[in-house]
Number of protein chains: 2
Amino acid sequence: MKEISVKNKVKLARIEKGNLTQGELAKSVGVTRQTMSLIEAQKYNPTIKVCLLISKYLERPIDELFWAEE
Amino acid sequence: MKEISVKNKVKLARIEKGNLTQGELAKSVGVTRQTMSLIEAQKYNPTIKVCLLISKYLERPIDELFWAEE
DNA sequence: TTTTATTGTAACATATAAATTACATTTTAC
DNA sequence: GTAAAATGTAATTTATATGTTACAATAAAA
């Protein structure tokens, strides 16, 4: 199996929360699968609302899931 | 997308950080005064990037400044 | 009080987050 | 190996975050 990037905290938390798929997490959070994909790929600058929803569902603080790019 | 109400303590943290004005904080963070005003008035759903900048400058975690309420 | 700094907000323009549809590629199951 | 599921991504549309300009309303200071 391919290694998961350690930097991708959202993906890690998603996997750790019962091997959720992007689609399952997206549905639970209320965004599209594509949006979740882009957020995990760090190609979006998501809104705090979406971050809060992801944070709550994955039971991880926002500061842990979303960090500043250097 | 599911609705959630977002409360923030940005104004409090701004005052506690040496009585900064909205304009001063906005300039330090790199947004307009109007944007800071709307964020504090909770009339915006800011991006995580702006939240991170505010969080760093005010030296407060995002989870403390922007929190969700059912 | 009068003056000045600070904040609220409106109208409009621009940039981009997010949705939608669709298809390609990769991963996983069999 | 093949088939199905999961993921990546492109093109287009819609919604909205943010900027710009401007002015009104408060707060603070004199």
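As a basis for the values below, the full set of heavy atoms in this structure was taken, side chains included, without hydrogen atoms, waters or symmetry mates.
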Quiz item: Roughly how many Å is it from NZ in Lys11(A) to P in dT26(C), rounded to a whole number?
Solution: 14 Å
Self-check item: Selection residues 18-36 of chain B - residue pairs positive for salt bridge (charged side-chain N to carboxylate O under 4.0 Å, His left out), sequence neighbours left out
Solution: none
Quiz item: Considering only heavy atoms, which members of residues 32-41 of chain A lie under 4.0 Å from some atom of DNA chain D?
Solution: Arg33(A), Gln34(A), Ser37(A)
Exercise. Starting at atom CZ of Arg14(A), determine the distance to atom C1' of dT27(C), rounded to an integer number of angstrom.
Key: 12 Å
Quiz item: Starting at NZ of Lys43(B) and ending at P of dT7(C), how long is that distance when rounded to a whole Å?
Solution: 15 Å
Quiz item: What pair of heavy atoms forms the shortest contact from Asp63(B) to Pro61(A), and how long is it?
Solution: OD2-CB, 3.5 Å
Self-check item: Partners meeting salt bridge (charged side-chain N to carboxylate O under 4.0 Å, His left out) with Glu64(A) (sequence neighbours left out)
Solution: Arg60(A)
Self-check item: End-to-end axis angle, where each axis spans five pairs of the helix from dT1(C)-dA30(D) to dC30(C)-dG1(D), to 10°
Solution: 60°
Quiz item: How many Å lie between CG on Leu53(A) and C1' on dA17(C), as a whole number?
Solution: 14 Å
Quiz item: Between Asn19(A) (CG) and dA6(D) (C1'), how many Å, whole number?
Solution: 12 Å
Self-check item: Whole-Å distance separating the CD1 atom of Ile48(A) from the P atom of dA17(C)
Solution: 14 Å
Quiz prompt | Qualifying residues under side chain to side chain contact (heavy atoms under 4.5 Å, CB included), relative to Glu40(A), sequence neighbours excluded | solution = Asn8(A), Val10(A), Lys11(A), Arg14(A), Gln22(A), Met36(A)
Which atom pairs link the protein and nucleotides 14-16 of chain C when you take only N or O atoms and keep those under 3.5 Å?
none

Quiz prompt | Worked verdict on Leu25(B) versus Leu58(B) for side chain to side chain contact (heavy atoms under 4.5 Å, CB included) | solution = CA-CA 9 Å; Leu25(B) 175 56; Leu58(B) 295 181; 4.0 Å; yes
Quiz item: Are any of the side-chain heavy atoms of Val50(B) and Ile39(B) separated by less than 4.5 Å?
Solution: yes
Practice problem: Quick one: list whatever passes side-chain hydrogen bond (donor to acceptor under 3.5 Å, both in side chains) with Thr32(A), sequence neighbours left out. | Solution: Thr35(A)
Quiz item: Toward the 5' end of DNA chain C, which comes first, Thr47(B) or Glu24(B), by nearest nucleotide?
Solution: Glu24(B)
Self-check item: Length of the NZ-P vector between Lys49(B) and dA18(C), whole Å
Solution: 14 Å
Quiz item: Is there a side-chain contact between Ile62(A) and Ile48(A) (heavy atoms, below 4.5 Å)?
Solution: yes
Self-check item: Test side-chain hydrogen bond (donor to acceptor under 3.5 Å, both in side chains) applied to Asn45(A) - qualifying residues, sequence neighbours left out
Solution: Thr47(B)
Self-check item: Residues which pass side-chain hydrogen bond (donor to acceptor under 3.5 Å, both in side chains) with Lys17(A), listed by chain and number, not counting sequence neighbours
Solution: Glu59(A)
Quiz item: By side chain to side chain contact (heavy atoms under 4.5 Å, CB included), which residues pair with Ser28(B), not counting sequence neighbours?
Solution: Tyr57(B)
Practice problem: Please state how far atom NZ in Lys27(B) lies from atom P in dG19(D), giving the value in whole angstrom units. | Solution: 15 Å
Exercise. Kindly point out which of dA19(C), dG19(D), dA6(D) is positioned nearest to the side chain of Thr21(A)?
Key: dA6(D)
